[in-house]
Student: 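The structure that follows is given in the form of structure tokens.
Each chain gets a letter, A, B and so on, in the order its sequence line appears, and its residues count up from 1.
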Amino acid sequence: MNLDVLRHSCSHVMAEAVKELWPQTKLAIGPAIEDGFYYDFDKQAPFTDADLLAIEKIMQKIIARDDPFLREELDKIKAIGLFKKLNEDYKVQLIEALPNQAISIYKTGKVFLDLCRGPHIKSTGQIKAFKLLSVAGAYWHGIETNPMLQRIYGTCFETQKELDEYLKNLEEVKLRDHRKLGPALEFFDIYHEEAGAGLVFYHPKGALLRTIIEDYEKKEHLKRGYDMVITPHIMDVGLWKTSGHYDYYRENMYFLNIGDDKPAKNIGGPAQNRGGEFVLRPMNCPGHILIYKSKTRSYKDLPIRLFELGTVYRREKAGVLHGLLRVRGFTQDDAHIFCLPEQLSQEIKAIIDFVFDTMKVFGFDTVGIELSTRPEKSIGSDEDWQRATEALEAALKEKGLKYDVNVGDGAFYGPKIDIKLKDALKRTWQCATIQCDFALPKRFNLAYIDDAGKERQPIMLHRVLLGSLERFIGALIEHYKGELPLWLSPTQVLLIPIKETVLVYAQGVKTKLESHNIRVDMDLRNETLDKKIRNAEINKIPYCLILGDREVKQQQVSVRKKGSGDQGAVVLEEFIGNLINQIQEHK
RNA sequence: GCUGGAGUAGCUCAGUUGGCAGAGCACGUCCUUGGUAAGGACGGGGUCACGAGUUCAAUUCUCGUCUCCAGCUCCA
């Protein structure tokens, strides 16, 4: 049986139940979605949890009746008349938007009918396992200015067992929630009320994790021919007028009304682009562009790859903020590559490789590549957009990668490739993006001198690998359920001395581990061994070393591995050797 | 920004039909010196999100604000 058909049919049954309980309710649409189905209703009073239970009960009744799904076809005029009579305004709108041809409707039971393309299951009795999950607001047709409807989400499976597994998986998702795990593991917190929503505070362990990630990235970028730069967090508004952000991104920018008396020097763009006011940067590009422009560049210098762990601030709408995934201040692993046209394809392919390699090191599979094209609100000529889009597409094709095209979803200055990663629960996360840009080089009058001594315009690539470190750390926490691999764990080894008499020995072990750059903590509290072990497990520390009289006497350490318990005693050097191997292999 | 739900100790949550605010964990002190997931006793900790209003009295009722949660819209 086709699961989408089953779910779609289930949404019809739900709509029938809602109409039975509240006959005045108007129906909008009710499709199957990835994990279930929904139906949008126009009803005055909000649906409550109790209402959902009542609806489920009626649905059970309809399913027990085993009503057949019957298809009928009408011409458009008749269909409009029928749904007008039923007072189903939204259905009338839907039919009016359809081409002038036969309109199909489906009937179930004696009274319920719905505009529907189909197909459906034979009869309601084929629904074996379903559950209504939640209710939420949703705009009619998804357009903000339209009336808001009430959407009931539900899911449906062929068997109860599959439904139970799905519900169990939902619980699993909750357990992995980085918004709970992150503060619990003392990685980060957000002081919504005191400091502001969407602003992240890294506590010592989280800051250490981030430093480990940053160090890895710096090393890897230097290895791959990037230069590191550091640019200011506030810059004159004139720069943002020239870049186009002032016109195309203003509602997301923070302005600092106190500026300098003297307007900034105008670079590129019209003369009115003089500032005197400052902007907290929402992006890093203008800073990198200034560095590119700082001297005359030869074609022999290109490509120039400027990398910065750049913190940016964006004024996101309050309702979209979500843990570390959507914040107002975040740090991108951002680079801008200035290159010759003939270098473009090679650079894009190198970035794609870089993304794949990086994801693998952090333990993710990459999936889902999307190519996004020119949006309505954008700068640059059609010709440039076409060249940029073709360049990205060609690179994907040359690498033999599958991708979807997302029409109109590009940045305002250029088309982009998004690479999504897949976590342990098979959820996807938007992290890496590669954007091809002919527009900003033009606006800022970027140039290089070609082999004939003529001034030419370089092409600019914007790209991030992990995207925002905040979002990526959120993904890491959920992917690993907080149990980070050894090489990323803020505390790699916890020393547990059993009693005070072994403290001298324990201190010696600690010093030795630290001399190998192993991150080690010692639990000196006056607690039982059991308690300290429990604590280490809860804090998801990869290794514990238990140190008592026995270990001192034999000059060994007793190893306990998270999740697999007592590993027995070994000499310290053996343990260290083993650990270093694992760390080097990014395990 | 929109629709709905919510905000009580650091955390997880009780509770008050309007009348002195509660537990477990965590934290502190003391006892206990232990062998692989919670040893014991005692103790500190709260403008019940914030601001108005109603009332003899508001954590509780009303209104507003902020924030969170589930979505919509938007996005790294």
Student: Going by purine N1 to pyrimidine N3 plus the second Watson-Crick contact, or the G-U wobble pair, all under 3.5 Å, which nucleotide sits opposite U12(B)?
Tutor: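 U12(B) is paired with A23(B).
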Student: With the threshold set at under 4.0 Å for non-hydrogen atoms, list the residues of residues 34-52 of chain A touching RNA chain B in residue-number order.
Tutor: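 Close to the strand are P46(A).
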Student: Contact class for D566(A) vs. all strands (heavy atom < 4.0 Å): base, sugar-phosphate, or nothing?
Tutor: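 Base contact.
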Student: Can you classify the ring geometry of Y226(A) versus F307(A) as parallel (below 30°), tilted (30 to 60°) or perpendicular (above 60°)?
Tutor: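 Rings of Y226(A) and F307(A): perpendicular, as their planes differ by over 60°.
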Student: If we take the C1' atom in both G53(B) and C72(B), what is their distance in whole Å?
Tutor: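 Comparing C1' positions in G53(B) and C72(B) gives a spacing of 34 Å.
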Student: Could you tell me how far G22(B) sits from G64(B) if I compare only their P atoms? Round to whole Å.
Tutor: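 32 Å, rounded to whole Å.
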Student: Without decimals, in angstroms, what is the distance between K180(A) NZ and C13(B) P?
Tutor: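 The answer, rounded to whole Å, is 6 Å.
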Student: Quick one: I538(A) CD1 to C11(B) P, roughly how many Å, whole number?
Tutor: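 Taking CD1 of I538(A) and P of C11(B), I get 17 Å after rounding.
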Student: May I have the distance from K174(A) (atom NZ) to U12(B) (atom C1'), rounded to whole angstrom?
Tutor: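 Taking NZ of K174(A) and C1' of U12(B), I get 14 Å after rounding.
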Student: How far, in whole Å, is A9(B) from G43(B) if one measures between their C1' atoms?
Tutor: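 My reading of the C1' atoms in G43(B) and A9(B) gives 15 Å.
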Student: If I take atom CG in residue L529(A) and atom P in nucleotide A37(B), what distance separates them, rounded to the nearest angstrom?
Tutor: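 Distance check: L529(A) CG to A37(B) P gives 8 Å.
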Student: For A52(B), give the paired nucleotide (Watson-Crick: N1-N3 plus N6-O4 or O6-N4; G-U: N1-O2 and O6-N3; both under 3.5 Å), or none.
Tutor: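 Pairing partner: U62(B).
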Student: Taking only the side-chain nitrogens and oxygens of K531(A), find out if one of them lies under 4.0 Å from OP1 or OP2 of G39(B).
Tutor: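 Affirmative; the distance criterion is met.
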Student: With a 4.0 Å cut-off on N to O distance, would you call R7(A) and D35(A) a salt bridge?
Tutor: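 No, this pair does not count.
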Student: Does this structure show an ion pair linking E483(A) with R176(A), if we count only N-O contacts that are shorter than 4.0 Å?
Tutor: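 Answer for the salt bridge query: no.
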Student: For I496(A) and U36(B), what is the distance between atoms CD1 and C1' respectively, to the nearest whole Å?
Tutor: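 Nearest whole value for this atom pair: 8 Å.
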Student: Any side-chain heavy atom of V361(A) within less than 4.5 Å of one from Y216(A)?
Tutor: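 Side-chain contact under 4.5 Å: yes.
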Student: For residues S378(A) and W385(A), report the shortest heavy-atom separation together with the two atoms involved.
Tutor: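 Answer, listing the atom of S378(A) first, then W385(A): CB-CZ2, 3.7 Å.
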Student: Can you find a donor-acceptor pair, distance only, under 3.5 Å between E551(A) side chain and G35(B) base?
Tutor: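 Yes, the side chain and the base share a sub-3.5 Å donor-acceptor pair.
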Student: Could you let me know what C2(B) is paired to, Watson-Crick or G-U wobble, both distances under 3.5 Å, or none if it's on its own?
Tutor: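 C2(B) is paired, partner G71(B).
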Student: I'd like to know if E470(A) and R326(A) make a salt bridge, using a cut-off of under 4.0 Å between side-chain N and carboxylate O.
Tutor: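 Result for this pair is no, no salt bridge flagged.
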Student: In whole angstrom, give me the gap between the P atoms of G45(B) and U32(B).
Tutor: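 The answer is 28 Å between these two P atoms.
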Student: For F354(A) together with F356(A), are the ring centres under 6.0 Å from each other?
Tutor: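 Judged by ring-centre distance (under 6.0 Å), F356(A) and F354(A) do not meet the cut-off.
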Student: Starting from C1' on G39(B), measure out to CD on E527(A) and report it in whole angstrom.
Tutor: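 Checked: the CD to C1' distance equals 9 Å.
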Student: Walk along nucleotides 66-76 of chain B from 5' to 3' and tag each nucleotide B, S or - by protein heavy-atom contact under 4.0 Å, base first, then sugar-phosphate.
Tutor: BSSSSBBBBBB
Student: Between A26(B) and C42(B), how far is it from one P atom to the other, in whole Å?
Tutor: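 My reading of the P atoms in A26(B) and C42(B) gives 16 Å.
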Student: Any carboxylate oxygen within less than 4.0 angstrom of a Lys/Arg side-chain nitrogen, looking at D40(A) and R151(A)?
Tutor: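 Yes.
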Student: Would you mind reporting whether W22(A) and D51(A) have side-chain heavy atoms less than 4.5 Å apart?
Tutor: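 Counting from C-beta outward, D51(A) and W22(A) do come under 4.5 Å.
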Student: With P as the reference atom in both, quote the distance from C50(B) to C66(B) in angstrom, rounded to an integer.
Tutor: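 Pairwise P distance, C50(B) against C66(B), rounds to 16 Å.
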Student: In whole Å, what separates the P atom of C11(B) from that of A49(B)?
Tutor: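 One P to the other, the span is 13 Å.
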Student: Expressed in angstrom and rounded to an integer, what is the separation of K561(A) atom NZ from A37(B) atom P?
Tutor: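 That distance rounds to 17 Å.
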Student: Would you say E574(A) and V571(A) make side-chain contact, with heavy atoms under 4.5 Å?
Tutor: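 Contact flag for E574(A)/V571(A) side chains = yes.
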Student: With heavy atoms under 4.0 Å as the rule, sort T501(A) into base, sugar-phosphate or nothing.
Tutor: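 Counting heavy atoms under 4.0 Å across all strands, no contact is made by T501(A).
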Student: Could you identify the nucleotide paired to G46(B), looking across every strand shown and requiring Watson-Crick or G-U wobble geometry with both distances under 3.5 Å?
Tutor: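 Paired with G46(B), as far as the under-3.5 Å criterion goes, is no nucleotide at all.
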Student: Is U33(B) paired to anything, Watson-Crick or G-U wobble with both distances less than 3.5 Å, and if yes, which nucleotide?
Tutor: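 Partner of U33(B): none.
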Student: Answer yes when K481(A) and E172(A) have at least one side-chain N-carboxylate O distance shorter than 4.0 Å, and no when they do not.
Tutor: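 Salt bridge: yes.
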Student: Distance check needed: U33(B) C1' versus I546(A) CD1, whole Å only.
Tutor: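 My rounded result for the distance is 15 Å.
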Student: For U62(B) and U54(B), measure between their C1' atoms and round to the nearest Å.
Tutor: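 So the two C1' atoms sit 7 Å from each other.
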Student: How do N526(A) and V559(A) order along RNA chain B: which one's closest nucleotide is nearer the 5' end?
Tutor: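 Closer to the 5' end of RNA chain B: N526(A).
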